[in-house]
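Indexing begins at 1, ligand by ligand and atom by atom, following the structure's order.
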Amino acid sequence: MLIDDVKIKVKAGHGGIGNVAFNKTKLSLGPTGGKGGNGGSVYLEGVADLGALAQFRYKKELMGEDGEKGGRQLKDGADGSDLAFKVPVGTIVHNLLTGQDFEMTAIGQRLLLAKGGGGGKGNFLFRSSTNTSPIEFQRGLEGEECELRLELKLIADVGLIGLPNVGKSSFLNSLTNAKSKVANYPFTTLEPSLGVYFELILADIPGLIEGASEGRGLGIKFLRHIERTKTLFHFISAESPEPMQDYEIIRNELKAFNPELLNRAEYIFLSKIDLVSQEEVDQKLAKLKTLNKEVFPISVIDKRGLTQTEKLLRQLIQQKTI
Ligand SMILES: Nc1nc2c(ncn2[C@@H]2O[C@H](COP(=O)(O)OP(=O)(O)OP(=O)(O)O)[C@@H](O)[C@H]2O)c(=O)[nH]1
Ligand SMILES: [Mg+2]
């Protein structure tokens, strides 16, 4: 299961308490209580692994390590180690307390979530000419805390959308290294999966149905994975009695999620053309062409249309690198 939206609590380590101690050596009875160690800070670190948020499925609280208590004989307590939790690049970090958002965009990037509390002074640091035997000390400071929502927005170049069972996953598998599950029933794909075609990342989005925006089927929450996708491949099955209606259903759901999705470059794929006569394919193509978008008739079984599709994918790669 792809974990892509989690809430977590973060608390950095507490600073260690300062010590109160005195030199036992005769003739030098001064204070020797050391400082407490600093609490460890908590960071996030960007990685390529899309599944990295899975670690937060059960682990909802990230606690930094506390600093150790100051020692005797001027020995400071050890600092708590910093912790860095790995999250996939494309994760948006929403700070639920301040309302601020931050995006993890690069592999290796580090984001400080909560700074560890400073260690408290030991009695050695309180000595003065008027107080040569201080018994004062400080408790360490609390580590910073925050509450976060981590939301993964895949950075795909092309989003594959359409009703269930129209061949989106089959298409992804036939052109890329993906191994998306394919089966002859609706909602085979339960979570987005990715395939890579040279430099292009394609995201296979679970099938949408009419009313998905009101929670029918699998809902439309997955559409956030294509919010930042420039190009959409819209799949319509050649077996459908009403391709234009299918088209409108999906467009309405896109609109309900975010009207901006309607302005993305969209290519239409009339899929599974091996299952109907050429005459029917031509008829349906003619209808879809009235939408004034490029329409590709394809079949992953007899491979028709795949050469043209690859040409399109190469064009998209070129546009991406310009
Ligand atoms: N004959 C034929 N069958 C196809 C073609 N493409 C896909 N199929 C079949 O159609 C069924 C559905 O294919 P999927 O790729 O799982 O469809 P999907 O759009 O990903 O479906 P969901 O994940 O449920 O949204 C499977 O049985 C595929 O084998 C095609 O070009 N020709
Ligand atoms: Mg699928």
Side-chain angles (χ1 to χ4, degrees), residues 1-2 4 50 154 156 158-197 201-226 229 231-254 256-257 261 266-285 288 295-313:
M1 190 162 89
L2 181 72
D4 54 12
L50 284 178
L154 301 181
V158 179
L160 311 185
I161 53 166
L163 291 171
N165 216 21
V166 294
K168 299 179 294 297
S169 304
S170 309
F171 176 89
L172 187 77
N173 291 349
S174 69
L175 286 168
T176 73
N177 52 352
K179 292 188 180 58
S180 202
K181 187 174 171 194
V182 167
N184 195 12
Y185 56 81
F187 304 123
T188 310
T189 303
L190 297 173
E191 58 200 31
S193 61
L194 296 185
V196 181
Y197 183 86
I201 301 176
L202 285 75
D204 174 20
I205 302 298
L208 299 167
I209 54 172
E210 189 166 14
S213 49
E214 281 131 38
R216 286 188 60 206
L218 298 173
I220 51 170
K221 59 182 184 293
F222 299 112
L223 288 179
R224 71 164 185 277
H225 293 302
I226 53 166
T229 297
T231 309
L232 299 177
F233 284 5
H234 188 151
F235 285 75
I236 295 169
S237 169
E239 283 189 305
S240 164
E242 295 290 346
M244 293 295 273
Q245 199 176 318
D246 292 0
Y247 178 80
E248 290 306 329
I249 289 174
I250 298 298
R251 298 288 287 180
N252 283 334
E253 298 306 322
L254 294 183
F257 183 78
L261 287 179
E266 186 190 45
Y267 298 88
I268 299 169
F269 287 79
L270 185 65
S271 59
K272 307 194 189 183
I273 56 169
D274 57 294
L275 294 178
V276 299
S277 67
Q278 188 60 43
E279 198 186 349
E280 203 175 327
V281 171
D282 291 340
Q283 247 174 28
K284 288 176 179 170
L285 279 179
L288 290 170
V295 188
F296 295 80
I298 58 155
S299 160
V300 300
I301 301 293
D302 64 22
K303 312 280 177 210
R304 265 184 291 164
L306 293 188
T307 314
Q308 288 90 322
T309 306
E310 293 205 58
K311 202 170 143 201
L312 169 64
L313 291 171

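- At a 4.0 Å heavy-atom cut-off, ligand 1 touches Y185 through the backbone alone.
- Annotation: E239, atom CD; neighbour count of heavy atoms from other residues, nucleotides and ligands within 6.0 Å is above 12.
- Among all non-hydrogen protein atoms, the one lying nearest atom 2 (C) of ligand 1 is I301 CG1, 3.3 Å.
- Every N/O-N/O distance between P186 and ligand 1 stays at or above 3.5 Å.
- Between the side chain of S299 and the backbone N or O of K272, no donor-acceptor pair lies under 3.5 Å.
- Counting heavy atoms from C-beta outward, L254 and L232 have side chains that approach closer than 4.5 Å.
- Distance CG/L160 to NE2/H234: 11.5 Å, rounded to 0.5 Å.
- Within ligand 1, counting atoms from 1 as listed, the ones closer than 4.0 Å to a heavy atom of L275 are 1 (N).
- The closest non-hydrogen atom to atom 15 (O) of ligand 1, taken over P164, G162, S170, comes from S170.
- Side chain to side chain, N252 and E248 fail the donor-acceptor criterion of an N or O pair below 3.5 Å.
- Without hydrogens or angle criteria, E253 side chain to G211 main chain gives a donor-acceptor distance under 3.5 Å.
- Note that the CD1 atom of I220 and the CD1 atom of I250 stand 11.0 Å from one another [nearest 0.5 Å].
- The proximity of I273 to ligand 1, defined as any non-hydrogen pair under 4.0 Å, does not occur for either the backbone or the side chain.
- At least one heavy atom of A183 lies less than 4.0 angstrom from ligand 1.
- A distance of 13.5 Å separates NZ of K168 from CZ of F269, quoted to the nearest 0.5 Å.
- Residues passing the salt bridge (charged side-chain N to carboxylate O under 4.0 Å, His left out) test with E280 are K284, sequence neighbours excluded.
- N165 has its side chain within reach of N184: a pair of non-hydrogen atoms, C-beta onward, lies under 4.5 Å apart.
- Between V182 and ligand 1, no pair of N/O atoms sits closer than 3.5 Å.
- Summary of contacts: the protein heavy atom closest to atom 25 (O) of ligand 1 is K168 NZ, 2.9 Å.
- In terms of N/O distances under 3.5 Å, ligand 1 is approached by S169.
- Residue-ligand proximity, V166 to ligand 1, at heavy-atom distances under 4.0 Å covers atoms 17 (O), 18 (P), 19 (O).
- Remark: D282 CG to Q278 CD distance equals 4.5 Å, nearest 0.5 Å.
- The distance criterion of under 3.5 Å between nitrogen or oxygen atoms is met by G167 with respect to ligand 1.
- At under 3.5 Å, a nitrogen or oxygen of K272, whether backbone or side chain, sits near a nitrogen or oxygen of ligand 1.
- Every atom of ligand 1 is numbered from 1 in the order shown, and the set under 4.0 Å from a heavy atom of F187 is 24 (O).
- Residue, atom and distance of the protein heavy atom nearest to atom 32 (N) of ligand 1 are D274 OD1, 2.8 Å.
- Among protein heavy atoms, the minimum distance from atom 11 (C) of ligand 1 is reached at N165 OD1, 3.4 Å.
- Within the 4.0 Å heavy-atom cutoff, F171 does not count among the residues contacting ligand 1.
- At least one donor-acceptor pair under 3.5 Å links the side chain of S271 to the backbone N or O of V166.
- The shortest N or O to N or O distance between V300 and ligand 1 is under 3.5 Å.
- Note on the Mg ion (ligand 2): protein N/O/S atoms under 2.8 Å are S169 OG, T189 OG1.
- Near G207, meaning under 4.0 Å from any of its heavy atoms, are these atoms of ligand 1: 25 (O).
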Can D4 and H225 be said to form a side chain to side chain contact (heavy atoms under 4.5 Å, CB included), step by step? CA-CA 10 Å; D4 54 12; H225 293 302; 3.1 Å; yes
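- Taking the six-membered ring for Trp and thresholds of 30 and 60 degrees, F171 and F233 have ring planes more than 60 degrees apart, a perpendicular arrangement.
- Of the possible donor and acceptor atoms, none in the side chain of T176 sits under 3.5 Å from a partner among the backbone N and O of N173.
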